[in-house]
Amino acid sequence: MNAWDRFAATFLDTDVMARYLPDIAAGFATTVWLALLVVLAGLALGLALALLRSLRFRPLSALIVLHVDLFRALPPLVVIVLLYFAMPNAGWSPSGFVATWLALTLVLSAFAEEIFWGGILSVPKGQWEAARSTGLGFLATLTWVVLPQAIRVTIPPLTNRTIAITKGTALGSVVAVSEILASAQTAVSFSFNPSPLTLGAAAYVVLFFPVVLFGRWVETRFAWKR
Amino acid sequence: MQREPPVLSIRGLRKSFGATEVLRGIDLDVRPRELVFVIGPSGSGKSTLLRCCNRLEEPSDGSILFDGTDIRAPGTDINAVRRRIGMVFQSFNLYPHMTALGNVTLALRQVLKKPRREADEIAAAALARVGLADKQGAYPGELSGGQQQRVAIARALALEPKAVLFDEPTSALDPELVGSVLQVMRDLREAGMTMVVVSHEMGFARAAADRVVFMDQGEIVEEGPPAAIFGAPQHARTRAFVDQIVRH
């Protein structure tokens with residue numbers, strides 16, 4: 001048995017792969033679902049926080065900055081474990097899925113808030129003044145003039161951050177969420193063969209490659225002529 | 001004409017930024033259809049005066065009556081006042097993500113709540129008025145500085161303001177593009193628009209202004225017809241400033 005055959009037998013055992021494909025596929029669906037919920041909730045919460053911060057009401061801004069700094073500082077895994085193992089003592093027992101979703105959402109919202117806020121600040125003061133001088137109110141100016149410009153500059157960093165955080169769904173395997181990694185690991189321990197991990201890796205590529213491409217498309221789509 | 005009430009009436013206007021007092025008691029009346037030119041050295045408070053008139057800067061003290069409305073009164077809807085005072089900025093401040101037409105229609109649709117078709121018609125007419133009928137679909141980045149500033153003027157005009165404030169409208173333009181903007185301002189004056197202009201275009205002031213106001217260190221030093229201010233200034237500070245710019 002040469003090196004390649006050994007490698008193939010260990011990581012590319014088609015029999016094992018075929019047997020556990022349905023499990024990995026189920027894990028794939030869980031990952032997609034979890035990632036989607038995290039991205040939607042995380043970006044929405046991040047945007048909402050950035051908008052609240054744009055009111056420049058000091059006590060509120062201070063709370064938002066605290067939230068942002070806290071969840072940027074904590075490793076996502078720590079947040080997941082805290083929610084899953086500590087919250088039951090406070091009378092709330094989230095499932096592994098909910099704990100992972102909430103933790104990743106909070107972390108994404110923190111990064112997204114900073115990115116959106118940076119985008120809002122990047123819009124020149126003159127844009128606000130021009131809009132306000134025509135009688136547009138604060139909200140209308142934000143909606144029609146500032147946000148469309150802010151969002152454009154936020155798309156590249158947001159895409160990166162979104163990809164990073166959705167890969168964090170693999171952390172859910174620690175608290176018994178049977179997403180891609182957890183189902184692959186389970187399959188490995190049942191089959192005594194690591195080939196399901198290869199399948200898992202392939203599943204991540206299938207999932208994230210389109211996301212990366214979508215990010216590129218959005219970046220060009222939202223560019224405007226200067 | 002003299003008996004018509006002023007469009008803009010400023011009394012005892014003061015503005016401080018921290019410990020620095022930028023406006024130190026300004027009294028100024030602008031009558032209907034008048035073109036008032038504000039000149040003075042940089043840092044004299046000209047732009048701040050203009051920006052207080054629609055409360056882009058919050059005055060520290062004094063009163064400003066615009067078209068009979070006390071714009072500093074607690075119950076005043078400042079957005080309602082602002083849509084009747086046009087403002088044109090040194091740096092144009094066009095919205096880069098919208099076409100020329102979109103720049104002009106935004107306030108028509110969002111503030112005056114005009115339906116799309118009507119807003120488009122008004123905007124098209126405003127763009128035609130500044131000589132840009134063929135640039136409706138162009139984005140600001142595709143226009144020259146002079147064209148951008150004319151779109152900005154159209155954006156202000158579309159709301160049918162009672163007065164337009166010009167804050168150094170040609171200072172950011174290449175010399176060969178200044179003429180097109182001044183021409184639009186000349187046309188506006190012909191049409192009877194009330195205008196307050198902060199600018200260094202002294203030739204234009206001489207030719208088109210009804211009244212020139214000279215400001216220095218946050219005060220109005222002297223005001224009068226252009227011929228008097230430029231030909232026979234009364235105050236030493238005015239004389240020094242006029243000498244400097246004429247020699248220049």
Side-chain angles (χ1 to χ4, degrees), chain A residues 43 46-47 50-51 54-58 61 112 115-159 214-226, chain B residues 47 50-51 53-57 77-99 102-113 123 126 137-143 148-149 151-161 164-167 172:
Chain A
L43 293 185
L47 180 59
L51 293 181
S54 72
L55 295 173
R56 293 177 192 269
F57 177 60
R58 270 189 198 191
S61 297
I115 294 170
F116 282 125
W117 177 241
I120 290 172
L121 287 187
S122 78
V123 176
K125 208 168 137 234
Q127 293 288 310
W128 283 95
E129 292 182 345
R132 297 306 301 268
S133 78
T134 58
L136 257 70
F138 175 84
L139 266 182
T141 303
L142 198 60
T143 309
W144 300 103
V145 175
V146 175
L147 276 184
Q149 298 182 57
I151 297 221
R152 279 174 163 90
V153 303
T154 61
I155 283 174
L158 273 184
T159 313
F214 176 74
R216 279 198 195 289
W217 177 79
V218 172
E219 281 169 33
T220 45
R221 168 73 183 73
F222 276 72
W224 72 83
K225 297 161 187 167
R226 272 234 178 249
Chain B
S47 286
L50 220 54
R51 293 160 58 82
C53 292
N54 63 356
R55 273 177 55 191
L56 280 186
E57 298 293 353
D77 175 1
I78 190 63
N79 291 330
V81 174
R82 281 173 176 162
R83 70 171 185 245
R84 292 185 292 137
I85 310 181
M87 188 154 200
V88 175
F89 301 86
Q90 179 176 0
S91 49
F92 328 139
N93 299 346
L94 291 184
Y95 316 131
H97 58 300
M98 296 181 186
T99 61
N103 267 274
V104 182
T105 51
L106 181 66
L108 290 170
R109 301 206 54 202
Q110 297 303 326
V111 180
L112 299 184
K113 307 288 178 198
Y139 284 87
E142 301 169 322
L143 298 171
Q148 288 190 53
Q149 190 60 297
V151 172
I153 294 173
R155 176 170 68 184
L157 291 183
L159 296 167
E160 297 183 358
V164 182
L165 313 171
F166 290 84
D167 189 4

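The analysis underlying the following values was restricted to heavy atoms, covering all of them including side chains, and did not include hydrogens, waters or symmetry mates. Sequence lines set the chain letters: A, B, ... in the order given, protein chains first and strands last, and positions in each chain run from 1.
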Chain A contact via [X] - side chain, backbone, both or neither, heavy atoms under 4.5 Å:
| X | result |
| --- | --- |
| Leu112(B) | neither |
| Ile85(B) | backbone |
| Arg51(B) | side chain |

To the nearest 0.5 Å, what is the distance between CD on Gln110(B) and OG1 on Thr141(A)?
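Separation between the atoms: 10.0 Å.
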Just verifying a value: how many Å separate Glu57(B) CD and Glu129(A) CD, rounded to the nearest 0.5 Å?
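Answer for the CD-CD pair, Glu57(B) versus Glu129(A), is 7.0 Å.
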Side chains of [X] and [Y]: does their closest heavy-atom pair fall under 4.5 Å?
| X | Y | result |
| --- | --- | --- |
| Phe89(B) | Ser133(A) | yes |
| Pro96(B) | Gln127(A) | yes |
| Met87(B) | Thr134(A) | no |

As an exercise: rank Leu165(B), Leu108(B), Leu94(B) by heavy-atom pairs under 4.5 Å with chain A and give me the winner.
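Of Leu165(B), Leu108(B), Leu94(B), Leu94(B) has the most heavy-atom pairs under 4.5 Å with chain A.
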If you compare all heavy atoms of His97(B) against all heavy atoms of Val145(A), which two are closest, and at what distance to 0.1 Å?
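Heavy atoms of His97(B) and Val145(A) come nearest at CE1-O, 3.5 Å.
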Does Phe138(A) have more than 12 heavy atoms from other residues, nucleotides or ligands lying within 6.0 Å of its CZ?
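It does: Phe138(A) CZ has more than 12 such atoms within range.
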